[in-house]
Amino acid sequence: MPELPEVETVRRRLLTCLPGLLVRDVLLNDATVSEQSEPELRALLAGRRVTGLRRRGKYLIVDLGAPQRPGRQAEEPAAAAASAATAVSPAASAAPAASPALPAASPAAPSASPAAASAGPTVAVIHLRMTGQVLFRPGPAERPPRFVWLLEPRTELHFQDVRRFGRLWAFPPAREAEFFAGMGPEPFGEDFTVEYLRRELEGRRAPLKSFLMDQRRIAGVGNIYADEALFRARLHPLRASGSIGPREARRLHAALLETLQAGIDHEGSSIESFVDPAGVRGSFQEILSVYQRTGEPCRVCGTTLRRTVVGGRGTHFCPHCQPRRGGMSPGSRRLQGSETPPRPGKTAGGGPPAV
DNA sequence: AGTGGCTCCTGGCGGC
DNA sequence: TGCCGCCAGGAGCCAC
């Protein structure tokens with residue numbers, strides 16, 4: 001599951017190959033990948049050079065320059081599309097019709113008009129969600145990519161995404177602030193201080209785990225790194241956010257940064273399907289302390305790790321290292337003492353049961 | 001306002 | 001062996 005470290009890994013890998021390349025054309029094989037149509041995306045992306053790669057939370061941002069030789073755009077991409085549709089994926093044209101219940105895509109999805117946007121630079125924003133993979137110069141694939149960027153010099157960027165939750169947007173830079181409005185600070189940014197964390201925690205009844213995963217509070221933290229950070233901070237995931245004291249907040253702040261940095265250093269966690277744009281797996285999953293280790297012994301104290309559900313998400317913790325003192329969130333009362341026992345063989349339930 | 005629960009989507013797994 | 005149904009999860013949306 002791509003979270004901040006995985007998206008950062010993708011960004012760093014793409015930095016070595018994507019900037020300077022020209023996007024010749026954009027092909028949508030799956031209309032549901034974007035709320036914008038293929039022609040609309042083409043108008044915003046094709047004929048432009050990649051000028052930069054950034055990340056905001058779990059979003060990957062590709063900066064594109066103003067269109068080059070605008071006069072030629074109309075004919076060239078169409079020809080490229082025709083050749084690529086067969087070369088890339090025979091099933092490309094069999095894209096499903098747009099779902100009637102097209103999921104709304106973004107916090108504040110700006111609908112860019114192609115005509116208005118085609119003159120200046122643009123940004124493309126990609127969210128990998130659960131299983132999205134950005135692959136540079138990919139080999140043959142089992143399934144057609146959900147979208148393809150044809151690049152010059154001749155190569156391709158593919159977006160593979162088994163569960164089809166990933167999304168693509170394109171708009172002028174002026175709309176970026178609106179798009180990301182409401183998203184919390186970057187963990188490695190200046191705004192994410194211990195003071196900020198304390199202020200945000202204060203008075204909240206939601207469980208700590210839910211707080212950490214709320215993108216409005218902190219950008220980029222998902223299920224894996226929330227569980228790992230809470231273990232590192234020795235805080236129970238069901239503690240009420242508002243019950244966290246100053247020292248605990250400092251510990252949580254440090255643990256978050258350390259955990260995310262460790263994820264980046266290990267080039268992400270490849271638990272389900274994460275690979276970087278070169279198809280390389282990360283290694284953070286090899287040093288996980290609690291995530292998906294239900295029933296295994298804690299690496300610190302040997303206690304059998306447990307699993308519960310917080311905010312509908314599988315949550316893994318050590319009952320000894322992460323004690324419950326300090327006040328629980330209201331909804332957690334009924335869960336006390338009822339964490340699910342280890343479930344052998346279950347995908348996300350963790351490993352084999354402890355004897 | 002804040003919070004929990006449902007929804008999307010698919011592969012993998014358990015159970016019959 | 002083969003089929004059915006459940007489960008995982010990021011984030012938008014809705015109800016309470």
Side-chain angles (χ1 to χ4, degrees), chain A residues 1-7 29-35 56-60 95-96 98-110 125-133 142-144 146 159-169 179-184 200-227 237-242 269-274 285 291-294 307-316 328-335 340 342-353:
Chain A
M1 286 134 283
E3 304 179 26
L4 186 155
E6 287 73 29
V7 180
N29 293 333
D30 178 353
T32 64
V33 77
S34 180
E35 62 200 23
R56 181 78 175 93
K58 304 174 192 174
Y59 292 82
L60 179 69
S99 155
L102 188 67
S106 79
V125 177
I126 300 168
H127 199 304
L128 307 175
R129 292 281 177 92
M130 301 294 301
T131 55
Q133 299 176 348
E142 289 175 22
R143 67 185 71 241
R146 297 186 71 204
F159 185 70
Q160 289 280 0
D161 184 20
V162 169
R163 288 188 199 172
R164 301 172 62 202
F165 280 175
R167 293 290 180 267
L168 166 70
W169 302 265
F179 186 86
F180 291 114
M183 181 173 277
E200 289 295 314
L201 287 165
E202 200 176 342
R204 291 193 193 282
R205 294 171 300 163
L208 262 186
K209 166 80 178 266
S210 302
F211 173 89
L212 291 183
M213 289 183 60
D214 187 341
Q215 302 301 298
R216 295 168 299 179
R217 314 291 165 224
I218 311 164
V221 179
N223 210 28
I224 298 173
Y225 294 91
D227 279 7
L238 282 171
R239 281 277 299 276
S241 303
S269 317
S270 295
I271 288 174
E272 289 218 354
S273 60
F274 171 74
Q285 71 278 4
Y291 186 77
Q292 290 198 354
R293 292 193 64 236
T294 313
R307 178 186 185 275
T308 185
V309 175
V310 183
R313 299 291 173 252
T315 298
H316 315 77
M328 304 293 291
S329 71
S332 69
R333 296 283 172 208
R334 64 177 179 272
L335 287 168
T340 52
R343 295 184 298 167
K346 191 65 212 81
T347 331

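Just so we're on the same page: letters track the sequence lines, and every chain starts at 1.
Atom C1' of nucleotide B/dT3 and atom CD of A/E200 are separated by 15 Å, given to the nearest angstrom. When rounded to the nearest whole Å, the span between OH of A/Y59 and C1' of C/dA11 equals 7 Å. One atom, CG of A/L208, and another, C1' of B/dG2, lie 16 Å apart when rounded to the nearest Å. The CG atom of A/D161 sits 9 Å away from the C1' atom of B/dC9 (whole-angstrom rounding). In this structure, A/M183 atom CE and C/dA11 atom P are separated by 7 Å, rounded to whole Å. When the P atom of C/dA11 is taken as reference, atom CG of A/N223 falls 11 Å away, rounded to whole Å. Remark: C1' of C/dA11 and CG of A/L128 are 14 Å apart, rounded to the nearest angstrom. Atom-to-atom, CE of A/M130 to P of B/dT10 comes out at 13 Å; the value is rounded to the nearest Å.
Residues passing the side chain to side chain contact (heavy atoms under 4.5 Å, CB included) test with A/Q215 are A/K58, sequence neighbours excluded. Under the side chain to side chain contact (heavy atoms under 4.5 Å, CB included) criterion, A/F165 pairs with A/R129, A/M130, not counting sequence neighbours. The side chain to side chain donor-acceptor pair (under 3.5 Å) search around A/R313 returns none, not counting sequence neighbours. Not counting sequence neighbours, A/S210 has no partner by the side chain to side chain donor-acceptor pair (under 3.5 Å) test. In terms of the side chain to side chain donor-acceptor pair (under 3.5 Å) criterion, residue partners of A/N223 (sequence neighbours excluded) are, by chain and number, A/K209.
Looking only at side-chain heavy atoms (C-beta outward), A/L128 and A/V7 come within less than 4.5 Å of each other.
The shortest distance between the side-chain N/O atoms of A/R307 and the OP1/OP2 oxygens of C/dA8 is below 4.0 Å. In this structure, A/Y291 does not reach the C/dA8 phosphate: none of its side-chain N or O atoms is under 4.0 Å from OP1 or OP2. Side-chain N/O atoms of A/R164 include none lying less than 4.0 angstrom from OP1 or OP2 on B/dG11. Phosphate contact (OP1/OP2 of C/dA11, side-chain N/O of A/H127, threshold under 4.0 Å): present. The side chain of A/R313 places no N or O atom within less than 4.0 Å of a non-bridging phosphate oxygen (OP1 or OP2) of C/dG9.
Of the residues near DNA chain B, A/G312 and A/R217, the one whose nearest nucleotide (by heavy atom distance) lies more toward the 5' end is A/R217.
A/A206 approaches A/S241 most closely through the heavy-atom pair O-OG, 2.6 Å.
Recorded end-axis angle for the helix from B/dG2-C/dC16 to B/dC16-C/dG2 stands at 60°, based on five pairs per end and rounded to 10 degrees.
Taking only side-chain atoms of A/F165, from C-beta outward, the nucleotide of B/dC8, B/dT3, B/dG11 with the closest atom is B/dC8. Which of B/dG2, C/dG10, B/dG11 sits closest to the side chain of A/R204 comes down to B/dG2. Among the nucleotides B/dG11, B/dT3, C/dA11, the one closest to any side-chain atom of A/Q215 is C/dA11. The side chain of A/P207 approaches B/dG4 more closely than any other nucleotide in the set B/dG4, C/dG10, C/dA8.
With hydrogens and angles ignored, no donor-acceptor pair under 3.5 angstrom links the side chain of A/R129 to the base of C/dG9. Side-chain atoms of A/R163 and base atoms of C/dA8 include a donor and an acceptor less than 3.5 Å apart.
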Side chain to side chain contact (heavy atoms under 4.5 Å, CB included), that's the test. Do A/Y59 and A/M183 meet it? Break it down for me.
CA-CA 11 Å; A/Y59 292 82; A/M183 181 173 277; 3.3 Å; yes
